[in-house]
2 protein chains.
Amino acid sequence: MPRTKKDVVTEFRTAEILQAACRVFAEQGFEQATMAEIARVAGVAKGTLYLYYPSKQDIYWAALGRSLLELAAATRSQVESAATAEQKVHAFIATKLRYFEEHRDFFRIYYSEVGRALCRHGQAARQFDDLYLEQVKVLDQVLQHAVRRKAIRPIRTDATAFALFDLTRSLVTQRLRGLSRASLDEDIEFAFDLAWKGIGHR
Amino acid sequence: MPRTKKDVVTEFRTAEILQAACRVFAEQGFEQATMAEIARVAGVAKGTLYLYYPSKQDIYWAALGRSLLELAAATRSQVESAATAEQKVHAFIATKLRYFEEHRDFFRIYYSEVGRALCRHGQAARQFDDLYLEQVKVLDQVLQHAVRRKAIRPIRTDATAFALFDLTRSLVTQRLRGLSRASLDEDIEFAFDLAWKGIGHR
DNA sequence: CATCACAATGACCAACGAGTCAGTATATCG
DNA sequence: CGATATACTGACTCGTTGGTCATTGTGATG
């Protein structure tokens, strides 16, 4: 247990900064957000931000990555512990919808980042893209396995995985925009029902 | 027929500028794109841009709006001229996939704009949002009608309309990212199949 | 060819914001 | 308490870029 005091302060400031960054980036988007505003919300001076992160980009990736990894881990865990393919698909959708419901700011940043992936191709964001594709792969493998077992009809599993991914995003977006008057559980069942009927046997 | 000469030149320059803007915005995104770069690609001086559009924002909306209206009109027309609900849903998906395939730069801008809709809420982009919701409504009404006729099972038509919308976007994205090795027609059939099975009777 | 109207230009300006750093406050310790 | 170290501050720098406008080019007209 080295420098406990220093570490505690660092951890505290880091969390404070990332939380503020999350709020500001979610509200303004990356380009419109300013370091001054993040500092204001975090309750520190602008210079302090640079004691903990070397640049605006780094704060952004840190804020995004933290939640992204958490969500990826939760999804993997829930999907793994589900028994059947049906339950795995359900778990995938439910986990994501629940997590985004609790982390709306994160979803805003995430969603806008996905939108930007088509511009600036080849540039940064490799980490982000990898995680994204890995998530799709989890679903892809569930589907492949299900097809082999004839639990679902033969189908292009990779394209379907993407589609289910986007179906989930679609529901979250509807909720965030206030376009869904249904409860979270109702939305989960709705999405799963649509998906399962779409890929199901008949 | 007034000032023909002037009108022709104006039309020519306008088209040239919008095309250049479309390319640059698609590549860089709104914030990263510079007026200097748009001017360079259009083959004019920066000042010339301001003879035809009052601001960067205006060029952006003009470039986006032009294609957006065209797509909306095409979709409406194709859906209307289809006979059954099944054919209407098919027409909706096919029209969009085909249009985006031919206007990839437009799709990039469109997609990134959708991503930004969750940030900056309440601000500009009202036109854009209206058109977006109107497109969903077209599909919603097709579904409502189909439910009444019992052509599909009873279902939350508004949420489903959104979901089909995003399913379509999902396929386009896969194509643009080079993740789909299928032909355009195959992707259309795939998307339609998935959708129709999902909402179908059994 | 001279004149004129206006389209086009690009050097310039002002605003803005990321990142810096000399100075200040605060904590630690002998 | 005084000395030293370190966390923090915010005024400043400096590159970038949207937008302007005095000047230049062009083509029509008499």
Side-chain angles (χ1 to χ4, degrees), chain A residues 1-25 27-64 109 116 119-120 123-125, chain B residues 1-25 27-64 109 116 119-120 123-125:
Chain A
M1 59 198 77
R3 311 241 132 74
T4 25
K5 192 64 167 290
K6 192 184 169 186
D7 281 357
V8 166
V9 170
T10 294
E11 204 171 322
F12 178 72
R13 282 265 182 271
T14 296
E16 216 170 31
I17 288 171
L18 286 191
Q19 194 184 330
C22 211
R23 272 227 339 247
V24 175
F25 283 132
E27 249 156 48
Q28 321 263 5
F30 177 76
E31 329 273 355
Q32 292 302 317
T34 67
M35 294 299 269
E37 176 69 2
I38 293 172
R40 201 186 59 76
V41 172
V44 297
K46 193 157 61 124
T48 305
L49 299 181
Y50 289 91
L51 294 178
Y52 295 93
Y53 295 96
S55 73
K56 186 182 177 181
Q57 265 298 331
D58 285 275
I59 292 184
Y60 183 74
W61 289 125
L64 188 55
I109 301 174
R116 293 166 48 167
C119 317
R120 319 167 314 160
Q123 251 163 278
Chain B
M1 58 199 79
R3 309 247 132 81
T4 26
K5 192 61 166 292
K6 190 185 168 185
D7 282 355
V8 166
V9 170
T10 294
E11 206 171 322
F12 178 72
R13 282 264 183 271
T14 296
E16 217 170 28
I17 289 170
L18 287 191
Q19 196 184 330
C22 212
R23 275 235 327 256
V24 176
F25 283 132
E27 249 156 49
Q28 322 263 3
F30 177 76
E31 328 274 343
Q32 292 302 316
T34 68
M35 294 300 270
E37 176 69 3
I38 293 172
R40 200 187 60 76
V41 172
V44 297
K46 193 159 62 126
T48 306
L49 299 181
Y50 290 92
L51 295 177
Y52 295 93
Y53 294 95
S55 72
K56 187 183 179 183
Q57 264 299 331
D58 285 276
I59 293 184
Y60 183 73
W61 290 126
L64 188 56
I109 302 175
R116 293 166 48 166
C119 316
R120 317 169 315 157
Q123 251 163 279

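Numbers restart at 1 for each chain; the letters A, B, ... are given by sequence-line order, proteins then strands.
A/Arg116 places a side-chain heavy atom less than 4.5 Å from the side chain of A/Phe30. At least one side-chain heavy atom of A/Leu18 sits less than 4.5 Å from a side-chain heavy atom of A/Tyr53.
No side-chain donor from either of B/Glu27 and B/Gln32 sits under 3.5 Å from a side-chain acceptor of the other.
Residue contacts for B/Tyr53: at a heavy-atom cut-off of 4.0 Å it reaches no nucleic acid atom on any strand shown. Among the protein residues, B/Leu49 comes within range of no part of the nucleic acid, since none of its heavy atoms lies under 4.0 Å from any strand. Using a 4.0 Å heavy-atom distance criterion, A/Ala33 is classed as a sugar-phosphate-only contact.
The distance from atom CD of B/Gln57 to atom P of D/dG19 is 9 Å, rounded to the nearest whole Å. Look at CD1 on A/Ile17: it is 13 Å from C1' on D/dT9, rounded to the nearest Å. Atoms CD1 (A/Ile38) and C1' (C/dG17) sit 12 Å apart, rounded to a whole Å. One interatomic measurement links the two molecules: CE of A/Met35 to P of D/dC8, which rounds to 15 Å at whole-angstrom precision. One interatomic measurement links the two molecules: CD of B/Gln28 to C1' of D/dT17, which rounds to 14 Å at whole-angstrom precision. In this entry the distance linking CD of B/Gln32 with P of D/dG18 reads 10 Å, nearest Å. Rounding to whole angstrom units, NZ of residue B/Lys46 and C1' of C/dT9 are separated by 12 Å. As a whole-Å value, the separation of A/Glu16 CD from D/dA7 C1' is 14 Å.
Between A/Phe25 and A/Tyr60, the ring planes lie perpendicular to each other; the angle is over 60°, past the 30° to 60° tilted range.
Taking 4.0 angstrom as the limit, A/Thr34 places none of its side-chain polar atoms (N or O) nearer than this to OP1 or OP2 of C/dG17. Applying the 4.0 Å criterion to OP1 and OP2 of D/dC8, one finds that A/Thr48 has every side-chain N and O outside that range. Taking side-chain N and O atoms only, A/Lys56 has a distance below 4.0 Å to OP1 or OP2 of C/dA18.
Of all nucleotides listed (C/dG19, D/dG18, D/dC8), C/dG19 comes nearest to the side chain of A/Ser55. With C/dA11, C/dT9, D/dC8 as the choices, the nucleotide that has an atom nearest any side-chain atom of A/Tyr52 turns out to be D/dC8. Among the nucleotides D/dG18, D/dT9, C/dA7, the one closest to any side-chain atom of B/Leu51 is C/dA7.
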Check: What do the steps show when you test A/Thr34 against A/Gln28 for side-chain contact (heavy atoms from CB on, under 4.5 Å), and what is the final call?
Finding: CA-CA 9 Å; A/Thr34 67; A/Gln28 321 263 5; over 6 Å; no

